[in-house]
*Asks:* 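First the structure, then my questions, so here it is.
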Amino acid sequence: MANPKFQAPRGTKDILPQEEGYWQFVHNTFTEVMGLAGFGRIQTPVFEPTELFERGVGKSSDIVRKEMYTFKDKSDNSLTLRPEGTAPVMRAYIEHGMQSWPQSVKLAYFESMYRYERPQAGRYREHWQIGAELIGEQAPFADCQVIALALRIYEKLGLQNLSLQLNSLGDEKCRPKYLKELVKYLGPHQKSLCEDCRERYKLNPLRVLDCKEDKCQAIIAESPTMLDHLCKDCHGHFKEVLEYLDELDIVYEINPRIVRGLDYYTRTLFEVWGHAGSGSALGGGGRYDKLMKEIGGPDIPAVGFGAGVERLIEELKLQKVLPPPGPRPQVFVANLGDSARKRCYKIIEHLLSEGVGAVGKLDKGSIKAQLRSADKLGVPLAVIIGQKEVFDNTAIIRDMKSGAQEVAGLNVLAKKIKRKLEIAAQPSD
Ligand code: AMP
């Protein structure tokens, strides 16, 4: 309908049945890959105390400064719709004393996120992420494990030619020194930066590095890099991560310009780019060794990733990967006349409870019209019930492709149909 009174809010979208197959595909693949690797599913509330994100994601991040859906509830508590998944998982870790669980703690989530961003291709105000956190492991193999997991999901989905971008952001020892260098370098160029970057220069100079504006790109190209300023420990950690990746034959590109939008990262940082390029990272993650402490918990390191589900689905479409078919009707039950209609209804319910997908049109349409509906649905079989069949307790099974028909007693109908469907599903040479 043109101009309906109500529409989905800007930056959100309905997911209609035609899309559902992709969502199930991503969900099932994610569940399988994570489950096999020992990651347990966690679900956290859709809203959290605002301060959790202010402290966790960081006050200078774009998310906290401009993008949060923050509101007061009726008791005057400041709450925020979850803009990202990591801080809530860390909050849950502390709250449930997961420190006393067998280590390391491995958690996975499939959740909606909310950011007040300018909607554009691949960017929504409500989007979904799959993500994982490996908590309690400082060693570089954990970084590699998380990267390999993310890549395995893409691979199991059938995506190809993706590009893994890697960087290290150092830690609290070496990063401040580098930031000083960066600010010193950017200072004289301030006037030539885009408006956003002039602000970033003051609040969070690292973010200037991943600006996509042409005029900033030229300046960034010459800037000092964190990789050249890593302290001995961070350098050693990064080197080992690369060695583990090499061991697994994982191809990567070292990219000192990726910094990502969240303030909590330390050391390893990565993004996975799809065919649409750097503008639309399919996912990314890294290490956040200080996040747990920052939100009032123990000093426990963690590494994880998050990937946008909508972007994954767009990439699947771009690469022409089709999701496997889900459950759907396989039999159309047609009736000839009033007395047959009730019987048809009973047969549909019977087939459904036997695990056979069945539908029928129980109106007074002609048999021709009903078979046309069956054709449109693409079902391989139809069941036809006339007065005679009602009387005899039988049904006609019709092969929709060949038109061949066979009569079966109702007591064996489900069994016969299942056999025919099995034969129809077998690949023909
Ligand atoms: P981030 O939490 O910013 O590290 O984002 C992780 C992933 O979520 C990104 O790589 C995107 O695939 C996806 N993503 C982030 N923001 C949005 C958005 N506004 N709309 C759709 N997907 C998004």
Side-chain angles (χ1 to χ4, degrees), residues 8-15 19 22-23 26 30 44 48 52-53 56-58 60-69 80-90 108-133 146-147 149-151 153-154 157 159 162-167 169 204 206-207 209-212 255 257-266 268-288 291 302-318:
R10 202 163 124 76
T12 69
K13 63 173 187 171
D14 301 311
I15 295 148
E19 286 274 300
Y22 287 100
W23 284 79
V26 173
F30 173 68
T44 61
E48 296 274 355
L52 174 68
F53 299 114
V57 181
S60 69
S61 66
D62 281 0
I63 291 181
V64 171
R65 284 195 307 118
K66 301 188 233 170
E67 297 171 0
M68 295 208 301
Y69 280 91
T80 293
L81 296 186
R82 171 182 58 213
E84 61 90 49
T86 299
V89 170
M90 296 298 173
Y109 58 83
F110 187 111
E111 285 179 333
S112 56
M113 308 292 164
Y114 301 85
R115 296 181 188 176
Y116 190 79
E117 291 194 86
R118 199 158 46 82
Q120 58 192 72
R123 191 176 293 168
Y124 305 97
R125 289 181 174 170
E126 178 187 59
H127 75 277
W128 288 74
Q129 282 187 25
I130 51 176
E133 317 290 350
V146 162
I147 292 172
L149 265 173
L151 294 178
I153 294 167
Y154 301 130
L157 284 168
L159 293 174
L162 304 178
S163 145
L164 170 64
Q165 306 281 314
L166 272 186
N167 192 14
L169 282 189
N204 190 352
L206 257 188
R207 287 304 310 278
L209 294 183
D210 72 350
C211 181
K212 306 283 178 301
N255 181 345
R257 312 286 166 215
I258 61 163
V259 295
R260 305 188 52 68
L262 306 106
D263 287 1
Y264 50 57
Y265 286 109
T266 43
T268 315
L269 200 64
F270 71 94
E271 280 188 358
V272 179
W273 292 354
H275 282 201
S278 63
S280 76
L282 285 178
R287 188 165 266 291
Y288 11 88
L291 176 56
V303 50
F305 78 89
V309 176
E310 289 83 354
R311 294 211 188 148
L312 272 179
I313 291 175
E314 277 158 33
E315 187 70 22
L316 286 171
K317 289 181 181 169
L318 208 70

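Start at 1 and go down the list; that is how both ligands and their atoms are numbered.
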*Asks:* Are any of the side-chain heavy atoms of Glu67 and Asp62 separated by less than 4.5 Å?
*Replies:* yes
*Asks:* Quick one: closest heavy-atom pair of Asp210 and Arg207, and the distance?
*Replies:*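 So the two residues come closest at OD1-O, 2.9 Å.
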*Asks:* What orientation do Tyr69 and Tyr116 show, parallel under 30°, tilted 30 to 60°, or perpendicular over 60°?
*Replies:* perpendicular
*Asks:* List below, pair by pair, the N or O atoms of ligand 1 and of the protein that are less than 3.5 Å apart, including the distance to 0.1 Å; reply 'none' if no pair qualifies.
*Replies:*
from: ligand 1; atom 1: 2 (O); to: Arg115; atom 2: NH2; distance (Å): 2.7
from: ligand 1; atom 1: 2 (O); to: Gln129; atom 2: NE2; distance (Å): 3.3
from: ligand 1; atom 1: 3 (O); to: Arg115; atom 2: NH1; distance (Å): 2.9
from: ligand 1; atom 1: 3 (O); to: Arg115; atom 2: NH2; distance (Å): 3.3
from: ligand 1; atom 1: 4 (O); to: Arg260; atom 2: NH2; distance (Å): 2.1
from: ligand 1; atom 1: 8 (O); to: Gln129; atom 2: NE2; distance (Å): 3.2
from: ligand 1; atom 1: 10 (O); to: Ala281; atom 2: O; distance (Å): 3.0
from: ligand 1; atom 1: 10 (O); to: Gly283; atom 2: N; distance (Å): 3.4
from: ligand 1; atom 1: 12 (O); to: Ala281; atom 2: O; distance (Å): 2.9
from: ligand 1; atom 1: 12 (O); to: Leu282; atom 2: O; distance (Å): 3.0
from: ligand 1; atom 1: 12 (O); to: Gly308; atom 2: N; distance (Å): 3.1
from: ligand 1; atom 1: 14 (N); to: His127; atom 2: NE2; distance (Å): 3.4
from: ligand 1; atom 1: 16 (N); to: Arg115; atom 2: NH1; distance (Å): 3.3
from: ligand 1; atom 1: 19 (N); to: Glu117; atom 2: OE2; distance (Å): 2.6
from: ligand 1; atom 1: 19 (N); to: Tyr124; atom 2: N; distance (Å): 3.4
from: ligand 1; atom 1: 19 (N); to: Tyr124; atom 2: O; distance (Å): 2.8
from: ligand 1; atom 1: 20 (N); to: Tyr124; atom 2: N; distance (Å): 2.9

*Asks:* Report the relative orientation of the aromatic rings in Phe305 and Phe270; use parallel for angles under 30°, tilted for 30 to 60°, perpendicular for over 60°.
*Replies:*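 Rings of Phe305 and Phe270: tilted, as their planes differ by 30° to 60°.
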*Asks:* As a quick check of understanding, evaluate salt bridge (Lys or Arg N to Asp or Glu O under 4.0 Å) for Lys317 and Glu19, giving each step before the final call.
*Replies:* CA-CA 11 Å; Lys317 289 181 181 169; Glu19 286 274 300; 2.4 Å; yes
*Asks:* Please check: side-chain N/O of Arg82 versus main-chain N/O of Tyr114, any donor-acceptor pairing under 3.5 Å?
*Replies:* no
